[in-house]
Amino acid sequence: MITGWYGIDTDAPREQRRELPASQRRAFLGWAAVGAGSLLLAGCDRLSRTARVPRVLRSAETLTRDAQHLLGSPLGLAPTYSKADIDPVFRANGTTDPADPGYQALARAGFRDWRLRIHGLVEHPLALTLADLRRLPSQTQITRHDCVEGWSCIGQWTGVRLQVLLDRVSPTHRARYVVFHCADTMAGSGDRYYESLDLREAYHPQTLLAYALNGHTLPVAHGAPVRLRAERMLGYKMAKYVMRIELVESLAGIAGGHGGYWEDRGYAWYAGI
Ligand SMILES: Nc1nc2c(c(=O)[nH]1)N[C@H]1C(S)=C(S)[C@@H](COP(=O)(O)O)O[C@H]1N2
Ligand SMILES: [Mo]
């Protein structure tokens with residue numbers, strides 16, 4: 001386990017962490033182009049600036065995103081914390097026990113039969129077991145989760161960088177978004193939870209598919225067997241119970257067309273904090 005690169009623990013071989021594949025290089029150039037100015041943001045209460053205003057107008061949302069891209073440091077890393085900062089109990093929110101019978105059967109069998117499908121606009125579609133994921137280079141990070149409802153929790157997440165998986169499937173040049181399809185249907189609507197990121201956020205070095213929380217197998221309440229961690233985003237972006245990942249050119253054809261279960265109900269798609 002090597003500590004310190006990006007302030008993150010990782011056991012990825014050094015050469016893997018240094019060399020940017022072409023796909024990531026594209027996203028990286030975006031960060032590198034923006035440069036200095038991050039100090040301006042230091043010390044602000046990030047949560048109170050954004051978290052209480054979920055219903056951002058779509059135009060204002062674009063403005064927020066562009067401003068953050070301009071002000072962000074080249075890598076735009078979310079803050080990381082020490083072990084002493086970890087909250088003893090990580091609050092669970094939204095679905096905490098999916099009712100879907102297929103999911104429940106998978107959970108009863110310890111997710112042995114679960115397969116993570118990665119498909120859509122990719123050269124090499126994949127289906128991975130949990131054991132496959134655990135064999136890939138892992139990354140551990142202690143971060144703060146900010147829910148739009150106004151609470152936060154600090155926890156330690158371990159998983160595989162989404163970047164590692166994307167490099168294996170090779171998104172085609174048409175792919176622009178990564179969609180996460182979840183196992184749970186939401187009370188009331190009966191619609192399935194889903195979320196999406198653009199490639200820039202998907203290739204971000206802190207974006208993980210996490211299978212452990214605070215050193216333990218991810219509990220069902222927090223999204224077993226894997227959940228997304230997109231550390232620069234609000235909590236609702238971090239899809240739990242991920243069943244398949246789809247690369248698409250446009251979000252228009254999926255569910256309500258706004259890129260996520262809550263987005264289809266008026267929340268901002270770009271939920272950067
Ligand atoms: N599949 C799924 N993912 C989800 C949700 C959900 O209801 N279903 N809730 C979201 C919200 S609003 C938050 S704050 C976080 C909560 O994650 P936690 O239960 O680990 O705290 O998950 C997000 N991801
Ligand atoms: Mo949330």
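For this chain, numbers begin at 1 and follow the sequence in order. Indexing begins at 1, ligand by ligand and atom by atom, following the structure's order.
The shortest heavy-atom distance from Phe90 to ligand 1 is under 4.0 Å. In this structure, Trp151 counts as a contact residue of ligand 1, since one of its heavy atoms falls inside 4.0 Å of the ligand. The closest approach between a heavy atom of Lys237 and any atom of ligand 1 is not below 4.0 Å. Heavy-atom distances between Arg227 and ligand 1 reach below 4.0 Å in at least one pair.
At a heavy-atom distance under 4.0 Å, no atom of Glu149 approaches ligand 1.
In this structure, a donor-acceptor pair under 3.5 Å is absent between the side chains of Tyr241 and Asp100. Side-chain contact, Glu231 with Thr143: a donor N or O sits under 3.5 Å from an acceptor N or O. Side chains of His145 and Arg229: a donor on one and an acceptor on the other come within 3.5 Å.
Considering backbone and side-chain atoms together, His222 places an N or O closer than 3.5 Å to an N or O of ligand 1. Any N or O atom pair closer than 3.5 Å counts here, and Tyr241 shares no such pair with ligand 1. The shortest N/O to N/O separation between Met238 and ligand 1 falls below 3.5 Å. Annotation: Trp262 places no N or O atom under 3.5 Å from an N or O atom of ligand 1; distance criterion only. Considering backbone and side-chain N/O of Trp157, none are found under 3.5 Å from N/O of ligand 1.
Counting heavy atoms only, Gly235 comes closest to atom 23 (C) of ligand 1 of the residues Gly260, Pro98, Gly235, Gly94.
A cation-pi contact, defined as under 6.0 Å to the ring centre and within 45° of the axis, links Arg265 to Tyr261.
Checked against the 6.0 Å centroid threshold, Tyr194 and Phe180 do not count as a close aromatic pair.
Atom numbering of ligand 1 starts at 1 in the shown order; those under 4.0 Å from a heavy atom of Cys147 are 14 (S). With ligand atoms numbered from 1 in the order given, ligand 1 contributes 19 (O) to contacts under 4.0 Å with heavy atoms of Ala221. Interface of Cys182 with ligand 1, defined as ligand atoms under 4.0 Å from a residue heavy atom, comprises 1 (N). Those atoms of ligand 1 with a heavy atom of Met186 less than 4.0 angstrom away are 7 (O).
Applying the 6.0 Å contact sphere to CZ of Arg168 captures no more than 12 heavy atoms from other residues, nucleotides or ligands. The environment of CZ in Arg112 is sparse: at most 12 heavy-atom neighbours from other residues, nucleotides or ligands sit within 6.0 Å.
The protein non-hydrogen atom at the shortest distance from atom 7 (O) of ligand 1 is Thr95 N, 2.9 Å. Scanning all protein heavy atoms for the shortest distance to atom 1 (N) of ligand 1 gives Asp184 OD1, 2.7 Å. Regarding atom 10 (C) of ligand 1, its nearest protein heavy-atom neighbour is Tyr193 OH, 3.4 Å. Of all protein heavy atoms, the one closest to atom 21 (O) of ligand 1 is Arg91 O, 2.6 Å. The nearest heavy-atom contact from the protein to atom 14 (S) of ligand 1 is His145 NE2, 3.2 Å. Among protein heavy atoms, the minimum distance from atom 3 (N) of ligand 1 is reached at Lys240 N, 2.9 Å.
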### Query
How far apart are the C-alpha atoms of Val226 and Leu130, what are their side-chain angles, what is the distance that settles it, and do they pass the side-chain contact (heavy atoms from CB on, under 4.5 Å) test?
CA-CA 8 Å; Val226 295; Leu130 195 50; 4.1 Å; yes
### Task
Check the pair Glu195 / Arg227 against salt bridge (charged side-chain N to carboxylate O under 4.0 Å, His left out), numbers first and verdict last.
CA-CA 11 Å; Glu195 256 304 337; Arg227 69 97 50 86; over 6 Å; no
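Between Asp85 and Arg144, none of the side-chain N atoms (NZ, or NE/NH1/NH2) sits under 4.0 Å from a carboxylate O, so this pair counts as no salt bridge. Ion pair Glu249/Arg176 not flagged as a salt bridge, since none of the NZ, NE, NH1 or NH2 atoms sits closer than 4.0 Å to an Asp/Glu carboxylate oxygen.
For the pair Leu218 and Trp157, the tightest heavy-atom approach, listed with the atom from each and the gap, is CD1-CZ3, 3.7 Å.
Legend: residues meeting side-chain contact (heavy atoms from CB on, under 4.5 Å) with Arg244, ordered by chain and number and at least two apart, are Arg117, His119, His181, Glu246.
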